[in-house]
Amino acid sequence: MGHAGSKDALKAQDAPLFALRHSAAHIMAQAVTRLYPQTKLAIGPPIEDGFYYDLDPPVALTEEQLPVIEAEMAKIIKENHPFQQSSIAKADAVRRFAGQPYKTELVQGIAGEQVSLYTDGEFTDLCEGPHVGATGEVKAFKLLAVAGAYWRGDEHNKQLQRIYGTAYFTPEELQAHVVRLEEAKRRDHRRLGKELGLFSFEELAGPGVVFYHPKGARVRWVIEDYVRRLHLARGYEPVATPHIFRTDVWKRSGHLDHYQDYMFLFESEGMPYGVKPMNCPGHILIFASTTRSYRELPVRLFELGTVYRNEKSGVLHGLLRVRGFTQDDAHIFLREDQLVGELREILDFAFEVLRAFGFEQYEVELSTRPEQFIGTVAGWDAAELALRDALEAGGVPYTVRAGEGAFYGPKIDLKIRDAIGRSWQCGTVQCDFALPERFDLTYAGADGRSHRVVMIHRALLGSFERFFGMLIEHYAGAFPFWLAPVQAVVIPLTDRQVPYARTVLGRVRAAGVRVELDERNEKMQAKIRDAQLAKIPYMLIVGGREETAGTVAVRHRKDGDVGAMAMEALLARLRDEPLPAQHGSGQAGAL
RNA sequence: GCUGGAGUAGCUCAGUCGGUAGAGCACGUCCUUGGUAAGGACGGGGUCACGGGUUCAAUUCCCGUCUCCAGCUCCA
């Protein structure tokens, strides 16, 4: 995970705000230094939503001290020290920062003879700038959190304390930012998952494994149903493979060498096993189980494959990073000359799926050949070109991450942002020249000889868990009609209308709609409120008038009261609700 | 895994400077039979995350563990 916006982009984009936040970072470091003179300073840049400073104070800082630091910052701001740049020789800088090991290290890493310093009042920092004119210009700031961060981002180095804060030109903008953070909190899938009864984690069962409750499982079924249908329509063959394999498989695949830390391993009757962290070996064993002809390629094996990865405890995050998850995973075995066409189809497929779920904005990254690679340069070039072609054919903007491909092949990742702007990898399309070698995957060519296949690994949603989490945040829990766990609720006005309400329920249900009856002894208003909070698209209210007329008073969660309708008109309206499927039967909303 | 913070009813939280706890919502029963976002009364429900230690006594203090939160590292 990580923020896509680079510092340079930010600089160019919003230089004045950059300078303001950078100055705020200096003032914060200055304040901490006043409070704890032995503090050693590292770095303090502006970032997308604010700034931070990494420092190594003589005592551990806690959030309770943030107001104290803020108060000291306010003093420095009031003193209105001008920021003044100066330039000194590196040797002088090293002397100047004696007792500041991180600064010394930074100075020594700078090219050239001179280094740039910025001074405000008694405080001088190694810095290229730019800054605002004087500390008094920082009028709206707030410290947000204290966290740990490794020196130079390396976990083998000492962990420093990082204080996050933010700064804006006006208090109004700062306030707006705080409001945005609160809104994002309301969209948090972990909170909504609980409120809407979608899923839970159970402490007793262990971390990172998801329990889908009935409403969450309904949504999952709808998604599965949709995804399965599309795969069938696009020539994928469904397969199902085991969850545990003897470790011989994992030795052969290389997972035991490269992935062991992430694997759940166990033993039975003296035989070592591993729970699958990936589905590829299972699909490979199916492909390899018989002689393959060039005529049948590409072979596309698809599975909703559940995998388990022993992720480090600290990285787990709601549904977005879990230990057990199910991928919409396929492996395609083909000839190298088929690669281009197949990749184009896969990308087209991936974008279709993202659009169906309302994700119009995503980031696409192409990772190319790394230093260490296997296979032929020609093969890599063909694969990279194929990936580029496919992207450009779709008019998709993408960024290239040069040399970031896997050792076995280049790949495309599709990333979506969550409610607070963190981006998460969902779909991935990877070319693979390695596993076909390791498992000796071949086909009989037209020449009667045996040839090596190429493999594509791809998942479009990525995993149901992560995708579901993103979907919840994307819609803030208000799923579109076709995905809503409960699409309509029948609300009888009094218990005299319950029999009629059951008739309505039966007819709507028979039309394939996920509908429930709320026959609690509550006032209609209370039932409406609960239905609104549950974000149910349709409320079908039946009182004496409707029963007499044989109609239903329809309320929509967004449009409110839309008036009484005859059953036929109601069913027609529900039928007209937009569905995502462009392929196949078009009845993806049905469950 | 690391740094910091937190775990009290199904949920959101209050509280106890050591004497085994409370609110709102939810849930149950009864009353109420209503017209587009909360009708009323009564009631049930907690090994205060778990395990040790100190103490006459631990939800409260100490140690350990687990889980969660923010960030770092990682994400094949």
Side-chain angles (χ1 to χ4, degrees), chain A residues 1-2 52 54 56 60-66 144-164 185 188 190-191 194-195 197 200-208 253-255 257-263 277-278 280 307 309-318 320-322 367 404-409 411 413 415 420 422 424-425 428 430 432 434 457 462-463 466 491-498 520-534 539-546 553-557 559-564:
Chain A
M1 170 177 85
Y52 66 80
D54 285 347
D56 185 8
L61 298 175
T62 68
E63 305 225 343
E64 279 146 37
Q65 283 151 290
L66 295 183
L144 298 170
V146 44
Y150 299 104
W151 167 235
R152 290 189 179 277
D154 186 333
E155 66 177 321
H156 303 293
N157 288 340
K158 181 174 166 100
Q159 189 156 28
L160 310 172
Q161 290 216 295
R162 173 174 296 179
I163 303 176
Y164 282 95
K185 236 185 196 165
D188 191 312
R190 292 166 299 187
R191 176 198 180 107
K194 208 179 276 177
E195 283 175 9
S200 69
F201 292 89
E202 298 299 325
E203 189 169 349
L204 192 60
S253 68
H255 285 88
D257 287 337
H258 300 294
Y259 213 69
Q260 189 170 155
D261 289 348
Y262 288 91
M263 288 186 66
M278 297 186 196
C280 7
V307 296
R309 299 180 188 177
N310 197 2
E311 301 282 356
K312 289 185 201 167
S313 55
V315 306
L316 301 175
H317 183 90
L320 302 185
R321 189 86 177 264
V322 289
S367 298
E404 293 292 313
F407 70 96
Y408 53 75
K411 58 171 187 164
D413 291 324
K415 294 186 165 183
I420 60 172
R422 291 178 294 208
W424 297 84
Q425 180 192 313
T428 183
Q430 309 177 349
D432 180 1
H457 308 239
S463 80
R466 179 174 289 181
I491 299 176
L493 198 65
T494 78
D495 51 16
R496 286 191 300 277
Q497 284 87 42
V498 168
R520 291 176 303 159
N521 180 14
E522 291 288 351
K523 285 179 68 174
M524 175 200 64
Q525 285 89 334
K527 295 181 185 180
I528 288 175
R529 179 170 192 272
D530 290 341
Q532 287 286 153
L533 292 175
M539 286 148 267
L540 309 177
I541 295 152
V542 293
R545 295 203 291 268
E546 286 74 28
V554 179
R555 180 189 165 97
H556 188 267
R557 69 177 171 199
D559 307 334
D561 189 352
V562 295

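Scope of the values below: all heavy atoms of this structure, side chains included, with no hydrogens, waters or symmetry mates. From a predicted model like this one, the values you see are computed outputs, not experimental measurements. In what follows, chains are A, B, ... by sequence order, proteins preceding strands, each numbered from 1.
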Check against side-chain contact (heavy atoms from CB on, under 4.5 Å), A:Q65 and A:V146: CA-CA 10 Å; A:Q65 283 151 290; A:V146 44; over 6 Å; no
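Straight-line distance from the CD atom of A:Q65 to the C1' atom of B:U3: 14 Å, rounded to whole Å. Distance A:Y262 OH to B:C74 P: 10 Å, rounded to the nearest Å. In this entry the distance linking CG of A:D154 with P of B:G71 reads 21 Å, nearest Å. When rounded to the nearest whole Å, the span between NE2 of A:H317 and C1' of B:C72 equals 15 Å.
A:Q161 comes within 4.0 angstrom of sugar-phosphate atoms only, judged by non-hydrogen atoms across all strands, and of no base. A:H255 comes within contact range of no nucleotide atom at all, as no heavy-atom separation falls under 4.0 Å. Counting any heavy atom pair closer than 4.0 Å across all strands shown, A:M278 reaches a base atom. Residue A:Y52 is out of contact with every strand shown, counting any heavy-atom pair closer than 4.0 Å.
Not counting sequence neighbours, the partners of A:Y262 by the side-chain contact (heavy atoms from CB on, under 4.5 Å) test are A:Y259, A:E311. Residues satisfying the ring pair (Phe, Tyr, Trp, His ring centres under 6.0 Å) criterion with A:Y150, sequence neighbours excluded, are absent altogether. A:Q260 is linked by a side-chain hydrogen bond (donor to acceptor under 3.5 Å, both in side chains) to nothing, counting only residues two or more places apart in sequence or in another chain. A:S253 pairs by the side-chain contact (heavy atoms from CB on, under 4.5 Å) definition with A:W250, A:H255, A:P281, A:L435, A:F439, not counting sequence neighbours. Remark: A:E195 engages A:R191 in a salt bridge (charged side-chain N to carboxylate O under 4.0 Å, His left out) (not counting sequence neighbours). Evaluation of the side-chain hydrogen bond (donor to acceptor under 3.5 Å, both in side chains) rule for A:S313 yields no partner, not counting sequence neighbours. With sequence neighbours left out, A:D495 forms a side-chain contact (heavy atoms from CB on, under 4.5 Å) with A:V498. Listed by chain and residue number, nothing satisfies the side-chain hydrogen bond (donor to acceptor under 3.5 Å, both in side chains) test with A:Q161 (two or more places apart in sequence, or in another chain). Taking A:Q532 as the reference, A:I528, A:M539, A:R555, A:R557 meet the side-chain contact (heavy atoms from CB on, under 4.5 Å) condition, with sequence neighbours excluded.
The same atom, C1', is picked in B:U59 and in B:C74; the two are 38 Å apart, to the nearest Å. Nucleotides B:G51 and B:C69 have their P atoms positioned 23 Å apart, rounded to a whole Å.
Each of A:Q425 and A:P207 has a nearest nucleotide on RNA chain B; the 5'-most of these lies closest to A:P207. Comparing A:F201 and A:A149 along RNA chain B, the residue whose closest nucleotide (by nearest heavy atom) sits nearer the 5' end is A:F201.
The side chain of A:Y150 lies closest to B:G1, out of B:G1, B:A70, B:G71.
Taking side-chain N and O atoms only, A:R162 has no distance below 4.0 Å to OP1 or OP2 of B:U3. In this structure, A:R321 does not reach the B:U73 phosphate: none of its side-chain N or O atoms is under 4.0 Å from OP1 or OP2.
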For RNA chain B, the dot-bracket pattern of Watson-Crick and G-U pairs whose distances stay under 3.5 Å, | for other-strand partners: (((((((..((((.....[..)))).(((((.......))))).....(((((..]....))))))))))))....
Using a 4.0 Å heavy-atom cut-off, write out nucleotides 34-41 of chain B from 5' to 3' as B (base contacted by protein), S (sugar-phosphate only) or - (no contact). BBBBBB--
Between the protein and nucleotides 11-13 of chain B, are there any N/O to N/O pairs under 3.5 Å, and if so, what are the atom names and distances?
residue	atom	partner	partner atom	Å
B:U12	OP1	A:K194	NZ	3.3

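Ionic pairing of A:D413 and A:K411 is present here: one or more N-O contacts between side-chain nitrogen and carboxylate oxygen are shorter than 4.0 angstrom.
The shortest side-chain heavy-atom distance between A:V554 and A:L540 falls under the 4.5 Å cut-off.
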